[in-house]
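Heads up: the structure comes next, in structure tokens.
Quick caveat, the model's predicted, so the values are computed rather than measured. Order of the sequence lines fixes the chain letters, A, B, ..., with proteins taken first and strands second; residue numbering starts at 1 for each chain.
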There are 2 protein chains.
Amino acid sequence: MSKQTGPLVDLTAAPCCPPLVQQRVPGETAAVLAPAFKALGDPVRLQLMSMIASAEGGEVCVCDLTPAFDLTGPTISHHLRTLREAGLVDAERRGTWVYYRARPQILRQLAALLSV
Amino acid sequence: MSKQTGPLVDLTAAPCCPPLVQQRVPGETAAVLAPAFKALGDPVRLQLMSMIASAEGGEVCVCDLTPAFDLTGPTISHHLRTLREAGLVDAERRGTWVYYRARPQILRQLAALLSV
DNA sequence: TCTCTGTCTCGACGTTCGTCGAAACAGAGA
DNA sequence: TCTCTGTTTCGACGAACGTCGAGACAGAGA
């Protein structure tokens, strides 16, 4: 992993987001946004996302995330990568530890899409 | 299928939904809400959800949904069942046709959870 | 009653997912 | 340089998923 790991999906590229209730989501938009919902579609990842997004200082160390679950380190790492690749979080290594922070813009996009 | 098909998951039972960014989502809440995100995590289902939720009159016939995709009837039916079981939509047969309508309350819950 | 059409269920298939243990990698400190 | 710890990658496994074709079911109309 490089020092600064960005998302593999650029969600700012998504033609963005009149509420799903107001206007049909076109196929291309669905293809871009569905992976983000999919990433949130696992209970462990939903909790991870929340722990990261609600963290004081805006970031959390993996070392604080892992012990909160009854899962091995590699499994947590795998879920974090899924969140990263979905563009929901960013990771940065500083010294020994790796810190994750949320990308609020995409959360806003998803919330806007679902708003009624 | 009975005349009136309800969701298998009662989302009103979920201890509901301070924003994920404000407060850690507890495990039980994550277990209840993650399946809804998962259901939206497929491009076909995201479009189906949008077509249903944005329909005039608040409902759509399956016969109008199916031809919008390059997929077989059984496949669309399977995706609709997934949305139903996630509590996102309701189905009702009236005569020959089956109509789907959105459940706005759960969309509101999901949007609230993601709001920043 | 029979037939026709719309929708769902069933069974099968290849693919993806969630999990683990083992091993590799990165940085800190001796 | 060596070692120790935190994190990720790799390879494997069973379970779940998305899709299909074939067939079953439901209601309308003759």
Side-chain angles (χ1 to χ4, degrees), chain A residues 1-8 27 30-31 34-49 51-52 59-86 89-101, chain B residues 1-6 8-9 27 30-31 34-49 51-52 59-86 89-101:
Chain A
M1 186 177 63
S2 62
K3 179 114 195 262
Q4 184 83 33
T5 305
L8 297 192
F37 285 119
K38 188 176 187 178
L40 295 176
D42 178 274
V44 173
R45 285 196 296 267
L46 191 53
Q47 286 181 87
L48 282 170
M49 185 69 217
M51 294 173 73
I52 295 167
E59 60 182 15
V60 208
C61 176
V62 173
C63 61
D64 290 326
L65 261 15
T66 304
F69 300 89
D70 229 20
L71 294 169
T72 64
T75 297
I76 297 298
S77 183
H78 159 73
H79 284 306
L80 290 172
R81 175 161 59 171
T82 301
L83 290 174
R84 241 188 299 133
E85 291 179 352
V89 301
D90 254 344
E92 183 189 359
R93 173 180 288 268
R94 286 206 305 277
T96 303
W97 293 279
V98 176
Y99 295 88
Y100 278 76
R101 58 175 60 236
Chain B
M1 187 177 61
S2 61
K3 178 110 195 269
Q4 185 81 32
T5 305
L8 298 191
V9 182
F37 286 119
K38 188 175 186 176
L40 295 176
D42 178 274
V44 172
R45 286 196 297 266
L46 191 54
Q47 286 181 87
L48 282 170
M49 186 68 217
M51 293 173 74
I52 295 167
E59 61 182 14
V60 208
C61 176
V62 174
C63 61
D64 290 327
L65 260 16
T66 305
F69 299 88
D70 229 21
L71 295 170
T72 65
T75 298
I76 297 298
S77 183
H78 158 74
H79 284 307
L80 289 171
R81 175 162 60 171
T82 301
L83 289 174
R84 239 188 300 134
E85 291 178 353
V89 301
D90 254 345
E92 184 189 358
R93 172 181 289 269
R94 287 206 305 277
T96 303
W97 293 279
V98 177
Y99 295 89
Y100 279 76
R101 58 175 61 238

Report yes if at least one side-chain N or O of Thr75(A) is closer than 4.0 Å to OP1 or OP2 of dG18(C); otherwise report no. no
At their closest point, which heavy atom of Ala68(B) faces which heavy atom of Met51(B), and how far apart are they? CB-CE, 3.7 Å
Please report the closest heavy-atom contact between Ala86(A) and Ala39(A), naming both atoms and the distance. CB-CB, 3.6 Å
Nearest-nucleotide 5' precedence on DNA chain D, Trp97(A) against Leu71(B): Trp97(A)
Does OP1 or OP2 of dT8(D) have a side-chain N or O of Tyr100(A) closer than 4.0 Å? yes
Given atom OH of Tyr99(A) and atom P of dT8(D), what is their separation to the nearest angstrom? 13 Å
Below the 4.0 Å mark, does dC17(C) have OP1 or OP2 next to a side-chain nitrogen or oxygen of Lys38(A)? yes
Minimum heavy-atom distance Trp97(A)-Cys63(A), with the two atoms named: CD1-SG, 3.6 Å
Atom CG of Leu83(A) to atom C1' of dT8(D): distance rounded to whole Å? 15 Å
Closest non-hydrogen atoms of Arg84(B) and Ala91(B), given as atom of the first, atom of the second and distance, are CD-CB, 3.9 Å
Below the 4.0 Å mark, does dT7(D) have OP1 or OP2 next to a side-chain nitrogen or oxygen of Arg93(A)? no
Looking at Ser77(B), I'd like to know whether one of its side-chain N or O atoms comes within less than 4.0 Å of OP1 or OP2 on dC8(C). yes
In this structure, how many angstroms lie between the P atom of dT19(C) and the CD1 atom of Ile76(A), rounded? 8 Å
Closest to the His78(B) side chain, choosing from dC20(C), dG18(D), dG18(C): dG18(D)
Can you tell me the distance, in whole Å, between the CG atom of Asp64(A) and the P atom of dG6(D)? 11 Å
Is there a side-chain contact between Thr72(A) and the phosphate of dT19(C), meaning an N or O under 4.0 Å from OP1 or OP2? no
Tell me the partner of dA30(C), counting only Watson-Crick (N1-N3 plus N6-O4 or O6-N4) or G-U wobble (N1-O2 and O6-N3) with both under 3.5 Å; none if nothing fits. dT1(D)
Interatomic distance, Asp64(B) atom CG to Ile52(B) atom CD1 [nearest 0.5 angstrom]: 11.0 Å
On the nucleotide dT19(D), are OP1 or OP2 found under 4.0 Å from the side-chain N or O atoms that His79(B) carries? yes
Does Thr96(A) make a side-chain N or O approach to OP1 or OP2 of dA28(C) shorter than 4.0 Å? no
In whole Å, what is the span from the CG atom of Asp70(B) to the P atom of dG18(D)? 18 Å
When the nearest nucleotide of DNA chain C is assigned to Cys63(B) and to Arg45(A) on a heavy-atom basis, which residue is associated with the more 5' position? Cys63(B)
Quick check: does any side chain N or O of Thr66(B) sit under 3.5 Å from a backbone N or O of Val62(B), one acting as donor and the other as acceptor? yes
Would you classify Gly73(B) as touching base, sugar-phosphate or nothing, given that sugar-phosphate means primed atoms plus P, OP1 and OP2, and contacts are heavy atoms under 4.0 Å? nothing
Just the rounded figure in Å: distance from P of dA28(D) to CZ of Arg94(B). 12 Å
Side-chain N or O of Arg81(B) less than 4.0 angstrom from OP1 or OP2 on dT9(C)? yes
Atom-to-atom span, CD of Glu92(B) to C1' of dT7(C) - whole angstrom: 15 Å
